[in-house]
Amino acid sequence: MPLPSPPDFQLLFEQSPGPYLVAIPDADFTLVAVSDAYLRATLTTREGILGRPFFEVFPDNPADPNATGVRNLRASLERAMATRAPDTMAVQKYDIRRPEAEGGGYEERYWSPINTPVLSPEGEVLYLLHRVEDVTDFVRLSLRREEESERTAALQNRNLEMEAELLHRSQELQAANQQLREAVRERDDFLALTAQARAQAERQREWLHSLFMQAPTAIAIFRGPRYVIELANSQVCRLWGRRPEDVLGKPLFEALPEAAGQGFEVCLDEVLATGVPFVGMEMPARVARLEGGAIEDVYFNFVYEPMRDAQGRVDAVIAVATDVTELVQARRRMEAFAAEKVRVAEERLRLATEAMELGIWDLDPTTGALEWDERLRALFGLPAGAPVNYPTFLSRVHPEDRLQVEHRVREILAPGSTGSFAMEFRTLPLENQEERWVSSQGRVHRDASGQPIRFLGTILDITGRKRAEQELARNAAILEAILQSIPDALYVGDASGIRLANTAALEMLGFQSLEELNQHVASLGERLQNRSTEDDHRLSAEEEPFMRAFRGQPTTQEVRTRHLLTGREVVVRCAAAPVRIGDDIVGAVAVNTDVTERKRAEAELRQAAEFRERFIGIVSHDLRNPLNAILLSVNAMMRSDCAVQHHLKAVRRIAISAERMERMIGDLLDFTRGRLGGGIPISPRPANLLAICRQVVEELEVGNPQRQLRLSMAGDFQGEWDPDRLAQLLGNLGKNALDYSPEGIPVDFMLRDGGDTVCVEVRNGGAPIPVELLPHIFEPFRRASDGGSPTSGLGLGLFIVQQIARSHGGRVEVRSTEAEGTTFTVLLPRSPEGAEGVRGFVTEGVRGFV
C-alpha cells in the first residue's frame, strides 16, 4: 500500500482557525507568514503585509495620543527573543486601519497577544510566532458595567437622602415603631426558617447526587489540549466498544474517530478553558461498537469535571458516564420537562431570595384609606404614585383567595378580636406572569372605646418558598417513580437499617412494607438466613455485601436467601456500593437480581451432560464383550478349512465392520475417560518416538497403498512415553490428514528435537479448515469440514489426540491456511518431570517452525 504524501504544512497553517502571524527576528520584525483568521481579524490581505516590517503594517493610531501598542508589542517581541520563552501580554488597546474601500481611518480594537519564539535545534531563534485573541467586545462590556455601577451608586445616594427626609416624620410613625420591630423580628425568623429549609434541601440534593454518583460507573481521564486518554476503566471501555490497550495513551478523537464532530470537543474545550464542570444528561452519541465497526446510536449521562495541577491550572478533564440508552426512550420526555421546571423554579427561588424585602402597609379602618410603599406597589403590580385604598388592595388579591382574605380582615377588625393578623394568599397575576404568593403580618390599634383606628402591617413575597415546596414534592414523586420502575430489587440505607426500597425489593424477600423491612442489617440477615453460594456457609454481619459496602468496599456477590412468606430458597446476585458525601460514607446502595432460575437451569444442564457421558461410557464398555465374540468367531471362520469360498467375502466384510466398531467403541471409552475420569490413563516407559512414528506410517501405507506418506526427522527422539497411546495419537492424526486431502498430495510426518521437548508435525495440503471452526476443532463430535471422507464417523479423533497429549504433559496445536495447508503440531516432554518445559519450548524453540 503506497505511503500517503506528506501534509502541506503551509496550507494547514494558513487555514488554521487561530489568528497567527510569523515574523523573523530582525530589526524590523519582517512578516513572513500569516493565517487567514489573522487577516480577517485585522482587515488586511496577505499580499499587503508579507515581506514588510511589522510596525509599518500595524502602526499606532495617530489620532490617539495615548496609544502604546507599538511600544508594548515591540518590547514583548524583544523579551521573547532574549528569553527564548513565550511572552504573554496583558490586554492591549491596539487600533487597526480600515481599508480605504470601507472609509479608511482607524477602528478601536482590544487584543490579548502572546509571542512565542520558534527555536532551531541549536537553540537559536528562527521565527517569532505572534498569536492574538480579539477581546474588544469583552472590554467594551466591562466599561459599560463600570458606568452602570456609577449610576447605581448615584441612585443609592439619592435613596439615602430620601431616608433622611423620612426621619422628619418620626413623630407620626412613633406609634408604629413597635409593630415594625416585631415585623422585622418575624422577618428574621422567617429568613432563618427559609435558610434552614434551603440547607436541608441542599443536603437532600447532595445525598441524592452522591447516591447515584457513587454507584459503579464508567470513568475516564483526558489529559492536555489533545485529550490524551490517561485512564479508562472497564465500564467506559464497554461503553466505547474498545479494549483498554486500544485507547490508553491515545488522543480521544483518534481512539474514537466517530466521536469527532458530535459536540464533545466544544464541551471539553469549555471545561478546559473555564474550569467549570459540564454535565450532560441523555446526550445522543454515535459510537462504533457493533460487530465490524458499525455505528450505533446511544445515549449517555456524563459529567466533565476539571482537574487542576499544583498551580491551580486546569490540565485534564475527568469524564464520568453512564449508558442510559435502554431507559431514555421510556422517560426522556417526562424527565426533560421535569428538569426544565426544576431549573426555572430554582432560578425564581434564587431571584426571590436575593430580592426579598418587606413591603409596609397602613390602613385607616374608618375611611378605608391605604398607604403602600413603592416595594409593595411593585409586588402588586401598581404604578408608582397611583392612589391606593382597601378596595384596590382586594382587587389585586387572587379571586380564589379574595373572599377568605376579606373575611379574615373583618374578623380582625371586629370588637373583641385579638387584633393579630397573619395570612398567606396569592396576588392577581400580572399580564404574561404567573401568580405570586405573599405572607402578610399585621396588628390592629384601637382607641379607648375599642374602635379600630389603625391597621398596620407588612407583606413578604414567599413565591420562591411555595415554588420550592412544590418542586421538592414533585422531585420526591419523580424519584419514587424511577425507583419503582427498576425491575431489580433496590435498597438504600445505612448500618441502622433500610431507609428506601422499591416494590421489587419487598416482593423478592416477602416483606409487606418498608417499615417491616427497615431493621438493623445484621438482624435482617439473620431472618433471611443468608448463605454463600460458594461453600454454603452462613454469612456473618461483616460478610453481608451491604455492610461491606457501608465500610467502603464495593461488592458483587451471589447469596442464597429465603422468601419470608413461602420459605423457598432464592439465589440473588447482590451488587452493593458505598454512598459518600465528601469523604464520609453516609450509607450504602444495593441492587439484587434474582438468578434462581438461571442457577437451576445451569445445574440441570450439568447433570444432563454428566448423565449422557456416563451413559456413553457404560454402553461402550458393555458392547465390547459381544463384539469380541463376533471378532473371534469371524477369525475362526476365516481360518477354518470348512469355510465355503463364496462366503469368505461376506465374512471379511463382517470382520472389517467389527474392527471399525471396535475402534469406535474405543474412541467412546477414551472420550468418557477424558471427560469424566480426569484424562486418558497412560503407562509411561522408555520408548523411541521415531520408531513409533515409522510403525504408524507403515500401517497407514498398508491401508492406503495409493497414497504417499513422507517421514523426516532431525535429532534424538528417546524418552518416557506410552507407546500404544502415542501410536493411537499419530494414527488419528495420519488418518485425519489422509481423509481431508486429495489423493495426489503427500502427507508429511516431521520430527524435531527441542532438547527436553520433542515436536511432531503432521501436514497435509488439502483445503484449509474454516476460520470459524479452528477454535472448536478439538471439541468432541466436531469435524474439520464436510468435504473429507472420515472413517470413524464419530468426530472424536482430534479430541482423543488432545487428551493423550495432555496425559503426557504436552499439548497439540493446529494452523491451517490456503497457501500452507493444514498442520497439526504435537509437543511432548521427554519425561513426566519435563512437562513444565513444554510451555517454554512453545514460546522459544518452536516459534521458528510452528
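Quantities reported herein were computed from a predicted structural model and do not represent experimental measurements. Atoms considered below: every heavy atom in the structure, side chains included; atoms not considered: hydrogens, waters and symmetry mates.
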Residues which pass side-chain hydrogen bond (donor to acceptor under 3.5 Å, both in side chains) with [X], listed by chain and number, not counting sequence neighbours:
{"X": "Gln15", "result": "none"}
{"X": "Arg223", "result": "Glu230, Asp315"}
{"X": "Glu122", "result": "Ser120"}
{"X": "Gln553", "result": "none"}

- prompt: What's the spacing between Arg815 CZ and Leu774 CG if we round to 0.5 Å?
  reply: 12.0 Å

query: Does some side-chain heavy atom of His130 sit less than 4.5 Å from a side-chain heavy atom of Phe54?
result: yes

Can you name the side-chain contact (heavy atoms from CB on, under 4.5 Å) partners of [X], sequence neighbours left out?
{"X": "Glu245", "value": "Arg243"}
{"X": "Asp297", "value": "Arg286"}
{"X": "Ile96", "value": "Leu43, Glu107, Arg109, Trp111"}
{"X": "Asn233", "value": "Ala218, Ile219, Gln235, Val236"}

Just distance, no hydrogens or angles: give the donor-acceptor pairs under 3.5 Å from side chains in residues 17-34, sequence neighbours left out.
{"from": "Tyr20", "atom 1": "OH", "to": "Arg131", "atom 2": "NE", "distance (Å)": "3.2"}
{"from": "Asp26", "atom 1": "OD1", "to": "Asp28", "atom 2": "N", "distance (Å)": "3.3"}
{"from": "Asp26", "atom 1": "OD1", "to": "Phe29", "atom 2": "N", "distance (Å)": "2.5"}
{"from": "Asp26", "atom 1": "OD1", "to": "Thr30", "atom 2": "N", "distance (Å)": "3.0"}
{"from": "Asp26", "atom 1": "OD2", "to": "Thr30", "atom 2": "OG1", "distance (Å)": "2.7"}

Salt bridge (Lys or Arg N to Asp or Glu O under 4.0 Å) contacts touching residues 78-89 (sequence neighbours left out): Arg79-Asp87

message: With side chain to side chain donor-acceptor pair (under 3.5 Å) as the rule and sequence neighbours excluded, what pairs involving residues 260-271 come up?
response: Tyr227-Asp269

Could you pull out all donor-acceptor pairs under 3.5 Å where a side-chain atom in residues 247-254 meets a protein atom, sequence neighbours excluded?
{"from": "Lys250", "atom 1": "NZ", "to": "Asp246", "atom 2": "O", "distance (Å)": "3.1"}
{"from": "Glu254", "atom 1": "OE2", "to": "Arg226", "atom 2": "NH2", "distance (Å)": "2.8"}

- request: Would you please test Val324 and Phe300 for side chain to side chain contact (heavy atoms under 4.5 Å, CB included) and show each step?
  value: CA-CA 6 Å; Val324 295; Phe300 292 139; 5.8 Å; no

